[in-house]
Amino acid sequence: MIGFNVAPFTGREFDYIREAIRQEHICGDGIFTKKCNQWIESETGTAKALLTTSCTQATEMAALLLETEPGDEVIMPSYTFVSTANAFVLRGAVPVFVDIRPDTMNLDENLIEPAITERTKAIVPVHYAGVSCEMDQILEIAKKYGLAVVEDAAQGVKASYKGCSLGSMGDYGCFSFHETKNYSMGEGGALLIRDPEKIETAEILREKGTNRSKFFRGQVDKYTWVNYGSSYLPSDLNAAYLWAQLEMADEILEDRMRTWNLYHKLLKPLEDAGAVELPFVPAECRHNAHMYYLKTKDLETRSRLIAYLKEKEIMAVFHYVPLHSSKAGQKFGRFHGEDRYTTKESERLLRLPMYYGLKEEETRYVARMIKEFYEA
Ligand SMILES: *Cc1c(COP(=O)(O)O)cnc(C)c1O
């Protein structure tokens with residue numbers, strides 16, 4: 001059986017978790033959390049990175065830091081994970097969904113401006129499959145209308161756009177270290193903060209509304225309740241697990257890239273024959289092999305292909321029922337403009353097994369079985 005995902009594991013996780021225990025510091029912001037924060041900062045060039053308990057909570061922090069209020073509108077794609085919308089819905093804001101580009105599955109940058117109203121607060125680009133949205137245009141629109149940009153870079157660790165790391169270009173960027181992502185701590189994420197002046201407020205928000213971070217740095221002699229906040233910091237045990245992978249981030253990336261490139265090469269003849277469509281990566285984007293997908297002709301073909309692969313012991317999956325067609329999406333949000341591609345493309349997309357350590361012969365087997373399906 002070839003699974004769809006296997007959580008990344010390098011072997012050093014046990015040593016680092018043991019080390020966290022030996023340090024007698026297993027709560028948040030221990031040595032491993034600091035290492036991870038610093039790694040993200042030097043990797044992406046962001047002013048500050050703070051490890052969080054999930055990407056969902058990093059996005060919730062961003063919504064709070066922007067002082068999102070009931071009735072505010074937030075422009076985002078409908079083809080995304082629920083957390084992109086939930087973070088803002090929790091503050092009473094209205095997700096305004098715009099259509100995606102069929103080539104990258106990212107929100108169509110040309111549809112943002114027509115969706116702006118006087119209630120618009122922010123734009124939330126989601127970098128699907130670690131392939132960047134058209135950030136130059138998005139940042140320009142944001143500047144023109146005085147809007148914030150929160151990048152959902154859950155899938156975008158170690159990917160870039162014109163040399164800039166995903167997550168570092170908007171006001172806030174959100175990473176995920178969930179076990180299905182390239183680098184993992186089980187459940188976890190990070191908030192990237194571009195403006196140094198926002199760091200202190202973010203630290204307070206993350207530490208239950210206290211100035212404990214300042215206290216630990218010796219900048220105040222006692223810590224106290226200074227603002228609203230919650231608990232968004234993960235245990236150092238989880239950070240220790242993550243550190244074992246960040247330390248080997250390039251090897252993990254190279255391994256995934258090999259799989260991605262092999263799929264791409266082996267499936268190319270099927271694309272040339274018009275049977276499937278393969279992922280497109282614009283020239284200005286460097287992706288991170290987060291995902292390999294193909295698109296079938298239609299929903300019916302996809303269902304048959306999934307069943308066929310399952311018979312061959314291969315787990316291939318699809319995702320994202322477009323948010324605007326979900327129960328909560330209809331209740332809390334609205335779609336602006338026409339749904340030309342969101343529904344249609346989401347019904348054709350199929351994700352193939354992709355994880356650190358997937359063997360070459362397994363990748364070849366998956367590609368061969370897909371070919372066999374189309375030959376039959
Ligand atoms: C995985 C994912 C999330 C949520 O990440 P968590 O760390 O599980 O909260 C949000 N947005 C996108 C696009 C994702 O892929």
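In listed order, ligands and their atoms are each counted from 1.
Ligand 1 places these atoms under 4.0 Å from at least one heavy atom of V126: 13 (C). Close contacts of ligand 1 with T56, meaning ligand atoms under 4.0 Å from a residue heavy atom, involve 4 (C), 6 (P), 9 (O). For ligand 1, the atoms sitting less than 4.0 Å from at least one non-hydrogen atom of S54 are 7 (O), 9 (O), numbered in the order shown with element in parentheses. Of all atoms in ligand 1, numbered sequentially from 1 with element shown, those under 4.0 Å from a heavy atom of F81 are 3 (C), 4 (C), 10 (C), 11 (N), 12 (C).
Residue, atom and distance of the protein heavy atom nearest to atom 15 (O) of ligand 1 are Q155 NE2, 2.8 Å. Atom 12 (C) of ligand 1 has A154 CB, 3.4 Å as its closest protein atom, hydrogens excluded (heavy atom only).
For E200, the CD atom sits in a loose shell: 12 or fewer heavy atoms of surrounding residues, nucleotides or ligands are nearer than 6.0 Å.
Residue contacts with ligand 1 for K181 involve side-chain atoms from C-beta outward but no N, CA, C or O (heavy atoms, distance under 4.0 Å). The residue F175 has no part lying near ligand 1, judged by heavy-atom distances below 4.0 Å. With a heavy-atom cut-off of 4.0 Å, D152 touches ligand 1 through its side chain alone.
Remark: ligand 1 and E187 share no N or O pair separated by less than 3.5 Å (distance only, no angle test). Some N or O of S176 is nearer than 3.5 Å to an N or O of ligand 1, by distance alone.
In this structure, the side chains of V96 and T120 stay at 4.5 Å or more apart for every pair of heavy atoms.
Between F14 and F9, a ring centre-to-centre spacing shorter than 6.0 Å is recorded. Annotation: Y128 is in aromatic contact with H319 [ring centroid separation under 6.0 Å].
Residue-ligand proximity: Y79 is placed with every non-hydrogen atom at 4.0 Å or more from ligand 1. For G188, the closest heavy-atom approach to ligand 1 falls below 4.0 Å.
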